[in-house]
Amino acid sequence: MSQNLTPARVPTPGKILSRELEARGWTQKDLAEIIGRPVQTINEIIRGTKQITPETAIELSQALGTSAEFWTNLEAKYRLHLAVKEKKQEEKEQSITRKSQLYTILPMSEIIKNGWIKKNRFY
C-alpha cells in the first residue's frame, strides 16, 4: 500500500530564516549588512514574497554556516508545495463547474436516484 503523505503546513524558507536570525540575536538589517543586500530583500524573503536565488543561497550559507543546498532545497520544496496546492484548487474549481453544467442540462438528481449512474462516478 503506497501513500503520499503531505505535511499539513510547509514553512516558507523565510520563516526558517527568521527563526535562524532570532536564534542568533540578529536583525534583518544585520543580515543585510553581512551579505551586502538591501534590508528590503531580506524582508521580502522572510515574508515569502521573494524567492531565494542560488546566489542568495550561497550568501546565506556563508553567513549562517549552512549549505547553499539547504536554502535552495527549502525554496524548491516550498514552491512545489504552492504549485500542487494551486493545481488542486484549479481541479476543484473545474469539478464544480463541470457538475454545475451537468445539473443545468440533465436531471442529475433523478439520474442518481434511479441508480443509472453512481454519485461522483462520471462527473
Side-chain angles (χ1 to χ4, degrees):
M1 179 180 345
S2 174
Q3 292 181 345
N4 287 334
L5 301 176
T6 38
R9 282 187 235 156
V10 174
T12 65
K15 184 72 171 171
I16 306 298
L17 179 57
S18 177
R19 289 180 183 162
E20 185 65 31
L21 293 179
E22 187 178 312
R24 292 168 185 264
W26 292 358
T27 65
Q28 293 179 23
K29 184 178 179 184
D30 293 335
L31 180 61
E33 288 176 8
I34 291 167
I35 67 173
R37 294 288 181 112
V39 176
Q40 180 180 351
T41 299
I42 304 302
N43 184 263
E44 289 172 348
I45 290 170
I46 287 175
R47 286 190 334 225
T49 58
K50 185 172 186 71
Q51 294 185 28
I52 295 175
T53 63
E55 294 79 16
T56 304
I58 292 168
E59 293 166 352
L60 290 174
S61 71
Q62 292 169 342
L64 302 171
T66 59
S67 69
E69 291 82 4
F70 173 77
W71 296 104
T72 56
N73 287 341
L74 277 176
E75 184 66 47
K77 287 180 182 183
Y78 177 68
R79 297 299 163 182
L80 182 59
H81 169 75
L82 290 181
V84 167
K85 187 176 173 182
E86 186 176 303
K87 183 170 176 56
K88 285 181 181 178
Q89 181 61 33
E90 287 173 5
E91 288 171 354
K92 180 179 178 184
E93 290 170 3
Q94 289 173 353
S95 174
I96 291 170
T97 301
R98 189 170 42 252
K99 286 180 184 180
S100 172
Q101 291 169 343
L102 283 173
Y103 274 78
T104 300
I105 61 174
L106 297 170
M108 290 304 294
S109 298
E110 288 297 315
I111 291 171
I112 293 168
K113 180 180 169 186
N114 290 326
W116 295 336
I117 64 170
K118 292 182 181 177
K119 189 172 184 175
N120 293 330
R121 172 121 189 238
F122 294 103
Y123 63 99

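Heavy atoms only: backbone and side chains are in, while hydrogens, waters and symmetry mates are out. Keep in mind the model is a prediction, meaning the values are calculated, not measured.
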Under 3.5 Å, side-chain donor or acceptor atoms of residues 62-70 against the rest of the protein: list the pairs with distances, not counting sequence neighbours.
{"from": "Thr66", "atom 1": "OG1", "to": "Trp71", "atom 2": "NE1", "distance (Å)": "2.7"}
{"from": "Ser67", "atom 1": "OG", "to": "Phe70", "atom 2": "N", "distance (Å)": "3.0"}

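- Taking CG of Leu31 as the start and CZ of Arg37 as the end, the distance is 10.0 Å to the nearest 0.5 Å.
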Tabulate below the donor-acceptor pairs under 3.5 Å that side-chain atoms of residues 41-48 make, not counting sequence neighbours, or state none.
{"from": "Asn43", "atom 1": "OD1", "to": "Arg47", "atom 2": "NH1", "distance (Å)": "2.9"}
{"from": "Asn43", "atom 1": "ND2", "to": "Gln28", "atom 2": "OE1", "distance (Å)": "3.1"}
{"from": "Glu44", "atom 1": "OE2", "to": "Gln40", "atom 2": "NE2", "distance (Å)": "2.9"}
{"from": "Arg47", "atom 1": "NH2", "to": "Thr49", "atom 2": "OG1", "distance (Å)": "3.4"}

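- Of the inter-residue distances, the one linking Gln94 atom CD with Lys87 atom NZ reads 7.5 Å to the nearest 0.5 angstrom.
- Under a 3.5 Å cut-off, the side chain of Thr104 and the backbone N or O of Ser100 do form a donor-acceptor pair.
- Under the 4.5 Å side-chain heavy-atom criterion for Ile, Leu, Val, Met, Phe, Trp and Tyr, Leu102 and Trp116 are members of the same hydrophobic cluster.
- With sequence neighbours excluded, no residue satisfies salt bridge (Lys or Arg N to Asp or Glu O under 4.0 Å) with Lys113.
- For Lys85, the side-chain contact (heavy atoms from CB on, under 4.5 Å) partners two or more places apart in sequence, or in a different chain, are His81.
- Pro13 and Ile52 get closest at one heavy-atom pair: CB-CD1, 3.6 Å.
- No side-chain donor-acceptor contact under 3.5 Å links Ser18 to the backbone of Lys15.
- Residues passing the side-chain contact (heavy atoms from CB on, under 4.5 Å) test with Pro107, sequence neighbours excluded: Glu110, Ile111.
- Hydrophobic clustering of Ile, Leu, Val, Met, Phe, Trp and Tyr side chains at less than 4.5 Å, counting indirect connections, keeps Ile58 apart from Leu74.
- In this structure, Glu93 has no salt bridge (Lys or Arg N to Asp or Glu O under 4.0 Å) partners at least two apart in sequence or on a different chain.
- Atoms OH and CD1, on Tyr78 and Ile16 in that order, are 11.5 Å from each other to the nearest 0.5 Å.
- Within the model, atoms CG of Leu21 and CG of Asp30 stand 8.0 Å from one another, a figure rounded to the nearest 0.5 Å.
- With sequence neighbours left out, Glu20 forms a salt bridge (Lys or Arg N to Asp or Glu O under 4.0 Å) with Arg24.
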Practice problem: Before giving the answer on side chain to side chain contact (heavy atoms under 4.5 Å, CB included), spell out for Lys92 and Lys88 the whole-Å C-alpha distance, their side-chain angles and the decisive distance to 0.1 Å. | Solution: CA-CA 6 Å; Lys92 180 179 178 184; Lys88 285 181 181 178; over 6 Å; no
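- At a threshold of 4.5 Å between side-chain heavy atoms, the hydrophobic network of Ile, Leu, Val, Met, Phe, Trp and Tyr places Ile96 and Tyr103 in two separate groups.
- With sequence neighbours excluded, the residues that form a salt bridge (Lys or Arg N to Asp or Glu O under 4.0 Å) with Arg79 are Glu75.
- Residues satisfying the side chain to side chain donor-acceptor pair (under 3.5 Å) test with Thr72, not counting sequence neighbours, are none.
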